[in-house]
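Residue numbers start at 1 and run along the sequence shown. Any value given below was found using the heavy atoms of this structure, including those in side chains, with hydrogens, waters and symmetry copies removed.
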Amino acid sequence: MNIQQELQLISQSETNLRFNDVEIAPETIRAIMINEIVPLCPEDDFYGKPDSAYMSTTIPLFRKAGIEVDSVLDILNNGIYITNAVKIPKTEYAVSKESIEESLPYLERELALFPNVKVVMLMGDVAKKAFNLISRKATGKNTVPGISTYKLRNTEIFYNGIRILPSYIMTGQNILIEKSKFKMASEDIATMYRLIR
């Protein structure tokens, strides 16, 4: 299945939203990592060029977690799919609530494509907000409490039987500089990997 083609099916008109142009056997995916937002340049996204900006931070996080990967294909082959909550590049410093809401139906549909998911990782606050909007629509309440990520890291949170792991944003060069967040994000990835094995 091509994710981009699947998500374009629900688009009413021509859109500036960007979807992952990747072929996947959905039943092989056991974990989904939701990053915050698509980059300005499509080649810098997870499924862009092999040395993309997003993979330049993702691969070191996986390796620090003890998972030997060299590419996004290696990550997929481990049963892990990575996507972005917001499908439109940001034009301002902060991600607007409107752009989260505009992308939400597509994220919701994207998550529903994978029948065997055991873990969803929320990589950053925008991913947490988007996931809470989805869960609030379905259940009337937030799945992830509105407290700091470091306080939630060892809390077992479930949504429809799926373990939800709040963590830190995995893209942008700051994650490589902020050693404590890099360490915590890689520990969370190791936890996710253990849960899907």
Any side-chain heavy atom of [X] sitting closer than 4.5 Å to one from [Y]?
X: Met33; Y: Tyr81; result: no
X: Val22; Y: Met1; result: no
X: Glu102; Y: Ile88; result: yes
X: Phe46; Y: Ser52; result: no
X: Glu187; Y: Arg153; result: yes
X: Ile80; Y: Ile29; result: no
X: Ser56; Y: Asp51; result: no
X: Thr58; Y: Met55; result: yes

Could I get the full list of salt bridge (Lys or Arg N to Asp or Glu O under 4.0 Å) partners for [X], not counting sequence neighbours?
X: Arg194; answer: none
X: Asp45; answer: none
X: Lys97; answer: Glu101
X: Lys181; answer: Glu178

Chi angles and distances behind the side-chain contact (heavy atoms from CB on, under 4.5 Å) call for Met121, Met170: CA-CA 11 Å; Met121 288 194 75; Met170 62 198 285; over 6 Å; no
ring-ring contact (aromatic ring centres under 6.0 Å, His included) contacts in which one or both residues fall within residues 170-197, not counting sequence neighbours: none
Qualifying residues under side chain to side chain donor-acceptor pair (under 3.5 Å), relative to [X], sequence neighbours excluded:
X: Thr139; result: none
X: Arg136; result: Asn142
X: Thr57; result: none
X: Glu43; result: none

Criterion side-chain contact (heavy atoms from CB on, under 4.5 Å) on Leu9 and Glu6, from CA distance to verdict: CA-CA 5 Å; Leu9 291 175; Glu6 283 295 314; 4.2 Å; yes
Shared hydrophobic cluster for Leu122 and Val38 (ILVMFWY, side-chain gaps under 4.5 Å):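 No, because Leu122 and Val38 fall into different hydrophobic clusters, even though each may have its own neighbours under 4.5 Å.
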In one Ile/Leu/Val/Met/Phe/Trp/Tyr side-chain cluster, 4.5 Å: Leu73, Phe62: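 No, because Leu73 and Phe62 fall into different hydrophobic clusters, even though each may have its own neighbours under 4.5 Å.
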Considering non-hydrogen atoms only, spot the tightest contact between [X] and [Y] and give its length.
X: Ser186; Y: Ala65; value: O-CB, 3.2 Å
X: Pro39; Y: Pro89; value: O-CG, 3.6 Å
X: Asp188; Y: Leu165; value: O-CD1, 3.9 Å
X: Pro115; Y: Pro26; value: CD-O, 3.9 Å
X: Val117; Y: Ile162; value: O-CG1, 3.6 Å
X: Ala185; Y: Ser167; value: CA-OG, 3.5 Å

For [X] and [Y], indicate whether the former's side chain and the latter's backbone hold a donor-acceptor pair under 3.5 Å.
X: Tyr47; Y: Ile82; value: yes
X: Ser135; Y: Thr143; value: yes
X: Thr155; Y: Ile157; value: no
X: Thr83; Y: Glu110; value: no

From Ile100 atom CD1 to Asn132 atom CG, the distance as rounded to the nearest 0.5 Å: 10.5 Å
Derivation and outcome, side-chain contact (heavy atoms from CB on, under 4.5 Å), residues Arg63 and Asp70: CA-CA 9 Å; Arg63 288 180 178 167; Asp70 293 312; 2.4 Å; yes
Any pair counted as side-chain hydrogen bond (donor to acceptor under 3.5 Å, both in side chains), so long as it reaches residues 28-39, sequence neighbours left out: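 Every pair satisfying side-chain hydrogen bond (donor to acceptor under 3.5 Å, both in side chains) with a residue in residues 28-39: Asn35-Asn84, Asn35-Thr171.
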Trace of the side-chain contact (heavy atoms from CB on, under 4.5 Å) decision for Ile32 with Leu111: CA-CA 8 Å; Ile32 298 174; Leu111 297 177; 3.7 Å; yes
Co-members of Met184 in a cluster of I, L, V, M, F, W and Y side chains, linked at under 4.5 Å: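 Members other than Met184 - counting any ILVMFWY side chain reachable under 4.5 Å - are Tyr150, Tyr168.
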Listed partners of Lys90 passing side-chain contact (heavy atoms from CB on, under 4.5 Å), at least two apart: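 Counting only residues at least two positions away or on another chain, Lys90 forms a side-chain contact (heavy atoms from CB on, under 4.5 Å) with Ile37, Val95.
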Phe131 and Tyr159 aromatic ring geometry - parallel, tilted or perpendicular at 30°/60° bounds: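 Because their plane-to-plane angle is over 60°, the rings of Tyr159 and Phe131 count as perpendicular.
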Heavy atoms of other groups near Leu195 CG, more than 12 under 6.0 Å: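 Above 12, so yes.
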